[in-house]
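Nothing here was measured: the structure is a model prediction, and the numbers come from that model.
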Amino acid sequence: MKKRNLIILAGGLGIVALAAFVTRSSWTGGGVSAQGPQRARVISVELAKAERKPVPVDVDSIGTVTAISSVALKSRVETTIVSVHFEDGAKVNEGDLLFTLDARQVDAQIEQAEGTLAKDQAQLEGAQRDLRRYSDLIGKGATTQVNVDNAKTQADILIGTIKADQSALDSLKVQKSYTIIRAPFSGRISAANVKVGNFVRPADTTALAVINQMAPVYVTFAIPQRVLVDLRDAMAAGGSRVIATIPGHQRSEDGKVAMVENSVDATTGMVTVRGVMDNTNETLWPGTLVNTKLIIRTEDAVTVPTAAVQRSQSGNYVFINKDGKAHVQPVSVSRTFQGISVVASGLSGGEDVIVDGQLLLSEGTPVAPRGPKAGA
């Protein structure tokens, strides 16, 4: 009997609970409908200005620094090193004395040639006196024409001998000049491969030292063939520039395009370009790999941060903030560089574009500007 009463009591409580659930709107004061329409959510976003400014049209590449002039110093005579007049790796100027070679043998030959020349000059003076004497006597009938002719022939022979002697002497002086080695241009010299007392000769394959010109220098790099026409037009107008930067450092050198190769590599579609850099501070070192930026021209364009540009199946677009609401604005992006996108159409400049918070936005979503994130 008690068990039956419990079952009836439980059933009654279930019926009461069901009735309360069904009628909850009446005893809760009308629920959602009584609260009225829900307020739209405001999204916090970060804004940036679309700016119209000069933007360079450039091409990035990897380049190699090469010396405009590089010379390997070698001996032109067989002799020994007497003196080395520079420190290894030093900066040298044009005309600086670098090596002195043993010139004693050449000096002796020069003295011998000078003696031979003096002897022949004395003989020439005697032959010319004889010629003058016979010329006077022939007028008086005291000698024959044969003697006059022989005296003239002897004088002419000695004149030719003196020219040969002078040529031999000049040649020896040139040989002596080879014993003094000077810098042909300004630059940096390598370590000396020979020391005092070493025997050197023209047939040696190892250079005495190497000088590289450091200012200016060449920077050689490759660019795609699609920009070749624009580059040639810029070169004709004198507006092209080259910036070379050492990787991992902020120091760079500016220059101009000096040469464009006369053919395109058919296997890669690239063309070699050579820029000449002043390099007065010797920032660039021959053989260094550098990041190069070829600036073809500068044009006026509208730019926005690349983070503002969104992509969809219908194309690129940005959200702009107008009257506190987000609006979708289709745009056409021509190129990007250094975190900035160049907008070819869709913006005129001055618009507030949204650069952060776009995932929660749609057309007409209320937005509230906020400051940039920490560390941005």
Side-chain angles (χ1 to χ4, degrees), residues 31-62 221 223-227 230-231 234 239 241 243 245-250 252 269-270 290-376:
V32 176
S33 60
Q35 297 178 4
Q38 188 175 5
R39 186 178 180 181
R41 180 182 177 186
V42 178
I43 305 301
S44 177
V45 296
E46 183 179 339
L47 301 179
K49 281 285 186 181
E51 298 181 284
R52 179 174 291 277
K53 61 182 181 180
V55 182
V57 178
D58 54 28
V59 179
D60 293 329
S61 183
I62 300 296
F221 55 96
I223 62 172
Q225 61 181 9
R226 59 181 173 80
V227 300
D230 291 338
L231 174 58
R241 291 175 54 216
I243 301 175
T245 306
I246 299 177
H249 296 271
Q250 299 299 322
S252 62
M270 307 290 282
V290 293
N291 295 325
T292 62
K293 182 181 292 293
L294 172 62
I295 300 177
I296 299 176
R297 65 179 182 275
T298 300
E299 58 186 16
D300 190 62
V302 177
T303 63
V304 296
T306 301
V309 180
Q310 306 295 303
R311 293 168 178 81
S312 67
Q313 293 181 350
S314 58
N316 295 327
Y317 65 94
V318 296
F319 284 105
I320 61 175
N321 178 26
K322 183 182 294 185
D323 300 328
K325 292 185 179 181
H327 296 277
V328 177
Q329 177 62 50
V331 294
S332 175
V333 178
S334 61
R335 66 184 186 279
T336 61
F337 76 104
Q338 298 178 354
I340 296 176
S341 295
V342 178
V343 178
S345 61
L347 297 174
S348 59
E351 296 90 347
D352 291 323
V353 296
I354 298 174
V355 297
D356 187 57
Q358 299 97 322
L359 293 178
L360 301 177
L361 301 181
S362 61
E363 176 65 29
T365 302
V367 293
R370 58 174 169 79
K373 295 180 179 179

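Formation of a donor-acceptor pair under 3.5 Å by the Lys49 side chain with backbone atoms of Gly350 is found in this model. In this structure, Thr292 contributes its side chain and Ser61 its backbone to a donor-acceptor pair below 3.5 Å. Judged by distance alone, with hydrogens and angles left aside, the side-chain atoms of Gln358 form no donor-acceptor pair with the main-chain N or O of Val309 at under 3.5 Å.
Remark: the Ser341 side chain and the Thr306 side chain contain an N/O donor-acceptor pair separated by less than 3.5 Å.
Smallest separation of non-hydrogen atoms from Leu347 and Val302: O-CG2, 3.8 Å. Taking every heavy atom of both residues into account, Ala326 and Ile354 meet most closely at CB-CD1, 4.1 Å. Of all the heavy atoms in Ile43 and Gly357, the pair that sits closest is CG2-O, 4.2 Å. The shortest non-hydrogen separation linking Leu360 to Thr365 is O-CG2, 4.2 Å. Across Arg370 and Ser44, no two heavy atoms sit closer than the pair CD-OG, 2.7 Å.
If you run side-chain contact (heavy atoms from CB on, under 4.5 Å) between Pro305 and each of Val355, Val318, Ile340, only Val355 comes through.
Annotation: side chain of Arg335 is in contact with side chain of Val55 (closest heavy-atom distance under 4.5 Å).
Each side chain to side chain donor-acceptor pair (under 3.5 Å) pair with one or both residues in residues 318-332, not counting sequence neighbours, appears once here: His327-Glu363. For the ring-ring contact (aromatic ring centres under 6.0 Å, His included) condition, the pairs that include at least one residue of residues 291-319, sequence neighbours left out, are Tyr317-Phe319. For the salt bridge (Lys or Arg N to Asp or Glu O under 4.0 Å) condition, the pairs that include at least one residue of residues 300-315, sequence neighbours left out, are Arg52-Asp300.
From Arg241, atom CZ reaches atom CZ of Arg297 across 15.0 Å, with rounding to the nearest 0.5 Å. With values rounded to the nearest 0.5 angstrom, Glu46 atom CD is found 5.5 Å from Asp356 atom CG. If you take CG on Leu294 and CG on Leu231, they are separated by 5.5 Å, rounding to the nearest 0.5 Å. The NZ atom of Lys293 sits 11.5 Å away from atom CZ of Phe221, with the distance rounded to the nearest 0.5 Å. With rounding to the nearest 0.5 Å, the separation of NE2 in His249 from CG in Asn291 is 11.5 Å.
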